[in-house]
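Since the structure comes first, as structure tokens, the remarks are kept for the end.
Order of appearance sets the numbers: ligands from 1, and atoms from 1 within every ligand.
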Amino acid sequence: MTWRDVADPMLKVINVVGARPNFMKVAPLIEAMRDRPADFAPLLVHTGQHYDQSMSDAFLRDLDLPQPDISLAVGSDSHAAQTAAVMLRFEPVVLREQPDWVIVVGDVNSTLACALVCVKMGIKVAHVEAGLRSRDRTMPEEINRLLTDQIADLLLTPSHDADANLRAEGIPETRIRMVGNIMIDSLFKYRERARASTVASLLGVAGQDYAVLTLHRPANVDQREALSRIADALEEITRRVPVLFPVHPRTRKSIDALGLADRLAGIKGLQLIEPLGYLDFLGLLDTARLVLTDSGGLQEETTVLGIPCLTLRENTERPITVAMGTNTVVGSDTRRIIEAATRALEHERGTSAPSPPPLWDGHTADRILEELITAADPSRD
Ligand code: UD1
């Protein structure tokens, strides 16, 4: 896929992916643009922030994404070094390709780095999933969100609380558009296909109640105390349901470095497994009884799937998943986790009926494309 394949494209758009949670947000955009070749010429740039097969290639494949047109291969490093490397490698790409728009998604270091390159070059940048705020500035993602939203030209938000956050920061109304939740486009598209996944039976939990756990935030996995408190809670929860734990690479390293591998391996009913691809994970999620997580996206997916979610953090940038969804923010206190898990498991399956928030309807990509066209040619508004 290159622009040379396309005769006189109306809008040249660079779509940036960097880390695992970006792929399911960019896939619907690329697909929608490919369906409109007279209007859009998409290009996919992968910064390489995530690079393991299980964190990157598996997602390209599962989500029918093309191989990236350009790979920046930055890899892992300190925040400053990683952000700087993305900027240094992305700038010549933008200079050469001269896109009409660059789309960045989410809140990872690649998001901020690419937005910053564009704004300095006078290239228009749109931020998908704008306006979310945890109000916790110790989270690197919160800094990435705040700064990206200050500099991006078009802020495409998933919910009205995000609009309100942006207004409160003095961002003019003209830059804000509520378009809904792009992740849910992927969830609806692939839910049926994910049901064919055999991972639940391979793990021995098909047809029975089980919980899924994911952890990767530094606040949970880089500190022995926090991880131990969570392990204590798992000891109790696994007496009621088996818990499946696909382990993020940084978490795996941290478990080893903190000397907690034996402690976790000793919890009967807790299965530590390799990170799963998109379809296997969605398949596992869809029939889970309970989810425990510190991820952002999982709070949204469980809300739409109607599965109780316990967020093992002190705050969330996605309050709509608490107000309208199935999410409860419980932190990492052992007692609070056990109590919330017990309550969720006592609730009958399906009693928390899914009522997705407004515009979490599978059509966000189409709305985004319309906004790009309108913003490029305001006379169409
Ligand atoms: C990043 C994002 C986070 C997102 C998460 C999803 C930032 C600041 N953080 O966190 O918002 O929720 O991705 O996964 O952008 N590693 C590998 N292989 C990989 C990728 C990472 O082994 O493919 C290991 C490396 O040791 C690396 C560590 O994981 O140092 C952390 O990776 P990094 O990309 O810095 O941050 P994440 O914790 O993955």
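Annotation for Gly18 and Asn22: closest pair N-OD1, 2.9 Å, computed over non-hydrogen atoms. Across every non-hydrogen atom of Leu284 and Leu244, the tightest pair is CD1-CD1, 3.8 Å.
Atoms of ligand 1 lying under 4.0 Å from any heavy atom of Lys253, numbered from 1 in the order shown and given with element: 22 (O), 24 (C), 25 (C), 26 (O). Atoms of ligand 1 lying under 4.0 Å from any heavy atom of Val108, numbered from 1 in the order shown and given with element: 2 (C), 7 (C), 11 (O), 15 (O). Within the listing of ligand 1, atoms 11 (O) sit less than 4.0 angstrom from a heavy atom of Asp107.
Between Glu235 and Arg263, at least one side-chain N (NZ, or NE/NH1/NH2) sits under 4.0 Å from a carboxylate O, which counts as a salt bridge.
Summary of contacts: the protein heavy atom closest to atom 12 (O) of ligand 1 is His216 NE2, 2.8 Å. Nearest to atom 6 (C) of ligand 1 among the protein's heavy atoms is Pro21 CD, 3.4 Å. When only non-hydrogen protein atoms are considered, atom 38 (O) of ligand 1 lies nearest to Arg250 CD, 2.9 Å. Scanning the protein heavy atoms around atom 17 (C) of ligand 1, the nearest turns out to be Tyr51 OH, 3.2 Å. The closest protein non-hydrogen atom to atom 7 (C) of ligand 1 is Gln49 NE2, 3.6 Å.
The side chain to side chain contact (heavy atoms under 4.5 Å, CB included) search around Arg240 returns Thr342, Leu345, Glu346, not counting sequence neighbours. Residues satisfying the side chain to side chain donor-acceptor pair (under 3.5 Å) test with Lys124, not counting sequence neighbours, are none.
Residue Asn109 has at least one N or O atom closer than 3.5 Å to an N or O atom of ligand 1. Where the criterion is an N or O separation shorter than 3.5 Å, residue side chain and backbone included, His50 meets it with respect to ligand 1. Between Asp77 and ligand 1, no N or O atom pair is found at a separation short of 3.5 Å.
Annotation: Phe188 is not in aromatic contact with His363 [ring centroid separation under 6.0 Å not met].
In this structure, of Glu141, Glu142, Gln53, the residue bringing a heavy atom nearest to atom 9 (N) of ligand 1 is Glu141. Here atom 30 (O) of ligand 1 lies nearest to Ser76 when heavy atoms of Gly18, Ser76, Gly48 are compared.
The shortest heavy-atom distance from Arg252 to ligand 1 is not under 4.0 Å.
Just one of Thr47, Leu112, Leu116 meets the side chain to side chain contact (heavy atoms under 4.5 Å, CB included) condition when paired with Met87; it is Leu116. With Gln49 as the partner, the side-chain hydrogen bond (donor to acceptor under 3.5 Å, both in side chains) test is satisfied by one option alone out of Ser56, Ser76, Ser110: Ser110. Considering Glu141, Glu142, Glu317, Glu314 in turn, Glu142 is the only one that fulfils the side-chain hydrogen bond (donor to acceptor under 3.5 Å, both in side chains) rule with Ser134.
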